[in-house]
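This report concerns only the one structure given below.
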Amino acid sequence: MRDGDTLYIDGHWQPADDGGRFDVTDPASGAIIGTAADAGAAETDRAIAAAREAFASWSRESAYRRAEVLWRAHTLMTQRSEELAALMTREQGKPLKAARNEVGYAAEFLAWFAEEPKRVYGSSIPSARPGQRFTVLRRPVGVVAGITPWNYPISMITRKVAPAVAAGCSIVLKSAEQTPLCAVAVFEILAEAGLPPGVANLVTTSRPGTVGERLLDAPEVRKLTFTGSTDVGRQLAARAAATMKRVSMELGGHAPLLVFDDADPVHAAKGTALVKFLNAGQACISPNRIFVQRTVLDAFTEALLERVGGLVTGPGDRPGVSVGPLVDDAALKKVTDQVEDAVAKGARLLIGGSRLDGDCLGAGRFFAPTVLADVDESMRIYREETFGPVAAIIPFDDEDEAVRRANDTEYGLASYLYTNDLGRAVRVSEALRFGIVGVNDINPTAAAAPFGGVGLSGLGREGGAQGLDEYLDTTLVGLVVPT
Ligand code: NAP
């Protein structure tokens with residue numbers, strides 16, 4: 001494993017210019033598991049220069065040649081899935097099974113975007129002027145800056161790098177401070193797959209502001225693709241506007257999950273437990289408000305409590321563990337504060353509710369899987385993204401109320417509903433103002449499908465055909481043929 005030489009610039013692994021490093025810790029034990037190079041402005045500028053240089057030739061390669069590289073990367077990632085999953089569990093904390101799933105999801109983006117550029121069709125448009133021809137060309141936007149979070153430390157990288165290089169762009173990626181080693185593993189695969197020097201560059205740092213400013217202010221960087229919190233995304237988008245970069249923003253969420261009384265409450269509770277406690281609740285698509293029709297409230301709550309009571313919290317590499325640690329102390333504090341605030345304002349704590357420190361868990365940041373009943377609008381958890389293993393149940397009486405309250409958020413990423421009534425499924429999925437709606441489906445995501453939100457959840461889409469469009473500009477060629 002690399003130690004300190006984690007910058008990948010112009011095809012070379014290197015340390016920071018001044019030898020600076022930062023520690024990488026295992027959130028389950030607090031142990032230091034490695035160090036990463038702490039890049040600053042000079043290294044970032046070199047990465048941008050390398051990307052600019054590489055763009056000139058990579059953008060002229062055929063889609064078929066780019067596909068070969070991405071397919072090789074897909075093969076390598078699939079072959080290394082066990083090794084990558086183990087690394088992810090150590091560095092980010094999620095249980096091994098979830099880490100394996102993430103590696104599979106990450107590899108899907110390499111495969112999907114290997115093929116998609118072969119179908120970047122331009123078009124021709126009939127003109128009203130005699131002799132005039134209009135042709136529409138699609139061309140790579142240029143050098144891209146990518147910034148990714150820690151919660152999905154491999155798939156958030158392939159979801160950006162694969163479409164960027166598939167489209168013919170080059171990219172400088174700044175990975176999250178908590179998970180640089182996963183980023184290194186992805187870039188080792190890209191290098192081995194034969195991606196030419198400079199096409200994809202990795203910058204690890206503990207100084208996101210310094211690196212971010214260089215990426216955002218550089219006029220030659222033509223696009224910013226960011227996944228992270230709404231607060232940071234807003235600041236970055238504002239700064240990117242000065243050089244008029246294109247931006248894709250995959251930001252926070254506050255997903256509602258609606259359980260109607262025509263659905264099986266036990267089945268709905270199973271799905272709710274699976275999606276709510278995934279990644280210890282540290283997912284942008286995690287249901288934050290669980291609206292349950294009053295007539296099935298007791299049956300649903302009982303089934304959910306049974307499921308939650310069976311969840312095992314602990315280090316992700318321990319057999320049988322389904323909920324890992326939170327990423328850091330700040331995350332632990334935020335979840336604790338939200339639960340205390342809700343209880344103080346009248347929510348009922350049905351299970352969990354505090355940090356776990358028995359059974360050797362004290363060195364990590366473990367929070368007990370928690371269920372709160374009678375949550376209402378006055379509580380912080382009703383509006384703030386939780387990012388922890390807390391299920392907040394809110395009763396409702398009818399469909400109009402459910403839709404109105406589900407839409408009562410500035411976020412708009414994922415939403416879910418359980419119903420067996422076809423008319424209701426159509427009505428409600430069309431009325432929910434979210435980028436993603438899962439109808440009896442807790443996993444409405446795939447590399448082939450557009451992922452993204454509306455409102456404060458962001459701009460643009462990743463995955464699907466739309467995911468490639470984000471890296472393509474449109475050029476109109478008008479040609480007059482003498483008649
Ligand atoms: P974050 O604090 O916004 O950080 C995201 C990335 O931005 C990290 O690489 C971070 O670097 C970097 N960053 C922070 N400040 C910066 C600055 N001034 N300039 C440049 N870069 C900067 O978010 P997070 O806590 O890592 O991730 C959790 C958030 O991501 C949640 O809100 C979640 O909903 C969202 N998310 C959204 C999606 C989606 O697809 N919509 C997917 C996953 C996560 P450091 O690591 O060094 O701080």
Side-chain angles (χ1 to χ4, degrees), residues 22-25 27 36 38-41 44 91-92 94 102 105-106 109 145-160 172-180 182-183 202-218 221 224-240 247-255 278-288 326-328 330-331 334 384-388 409-414 434-436 444-445 447 449-463 467 470:
F22 58 98
D23 291 337
V24 184
T25 54
D38 199 2
T44 310
E91 190 180 39
Q92 190 269 341
K94 70 183 62 174
E102 184 182 335
Y105 180 55
F109 287 102
I147 299 181
T148 49
W150 49 268
N151 64 337
Y152 285 86
I154 292 191
S155 58
M156 293 303 98
I157 294 179
T158 57
R159 203 162 81 168
K160 297 188 184 312
V172 178
L173 186 105
K174 190 211 88 59
S175 57
E177 197 171 327
Q178 290 96 332
T179 54
C182 281
L202 172 65
V203 176
T204 58
T205 186
S206 72
R207 293 173 281 164
T210 307
V211 169
E213 280 174 15
R214 306 307 287 190
L215 291 171
L216 289 166
D217 293 350
V221 173
L224 167 67
T225 171
F226 173 77
T227 299
S229 61
T230 296
D231 279 352
V232 172
R234 210 189 251 131
Q235 291 167 31
L236 302 188
R239 191 149 184 155
V247 293
S248 298
M249 291 279 148
E250 297 288 346
L251 309 177
H254 207 277
L278 187 72
N279 207 8
Q282 301 171 114
C284 50
I285 56 166
S286 187
N288 257 35
L326 295 181
V327 72
D328 55 24
K334 183 177 180 194
E384 279 178 10
E385 193 177 27
T386 299
F387 248 54
T409 171
E410 292 178 298
Y411 291 106
L413 187 55
F434 292 81
I436 299 167
T445 56
F451 183 106
V454 300
L456 293 191
S457 290
L459 294 170
R461 292 294 177 270
E462 290 191 317
E470 301 279 338

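The structure presented is a predicted model; accordingly, all values stated were derived computationally and were not measured. All heavy atoms count here, side chains included; hydrogens, waters and symmetry mates do not. Each ligand, and each atom within it, is numbered from 1 in the order the structure gives.
- Listed here is the closest heavy atom pair of Y105 and A447: CE1-N, 4.3 Å.
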Start with the C-alpha distance between L224 and L216, add both sets of side-chain angles, then the distance that settles side chain to side chain contact (heavy atoms under 4.5 Å, CB included), and finish with yes or no. CA-CA 8 Å; L224 167 67; L216 289 166; 3.6 Å; yes

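- The shortest distance between side-chain heavy atoms of M156 and W150 does not fall below 4.5 Å.
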Give me the pairs of N or O atoms, one from ligand 1 and one from the protein, that sit under 3.5 Å apart.
unit_1, atom_1, unit_2, atom_2, d
ligand 1, 3 (O), S229, N, 2.8
ligand 1, 3 (O), S229, OG, 2.6
ligand 1, 9 (O), T148, O, 2.7
ligand 1, 9 (O), K174, NZ, 3.0
ligand 1, 11 (O), K174, NZ, 3.0
ligand 1, 19 (N), P208, O, 3.3
ligand 1, 23 (O), S229, N, 3.4
ligand 1, 25 (O), W150, NE1, 3.2
ligand 1, 26 (O), W150, NE1, 3.1
ligand 1, 30 (O), G228, O, 3.4
ligand 1, 32 (O), E385, OE1, 2.7
ligand 1, 34 (O), E385, OE2, 2.5
ligand 1, 40 (O), R159, NH2, 2.7
ligand 1, 41 (N), L251, N, 3.3
ligand 1, 41 (N), L251, O, 2.9
ligand 1, 46 (O), E177, N, 2.8
ligand 1, 47 (O), E177, OE1, 2.7

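- Partner of L251 under the side chain to side chain contact (heavy atoms under 4.5 Å, CB included) criterion, out of T230, T227, L459, L413: T230 alone.
- Sorted by first and then second residue, the salt bridge (Lys or Arg N to Asp or Glu O under 4.0 Å) pairs with a member in residues 151-160 read R159-E462, K160-E462; sequence neighbours excluded.
- A salt bridge links D231 and R234; the closest N-O separation between the charged side-chain nitrogens and carboxylate oxygens is under 4.0 Å.
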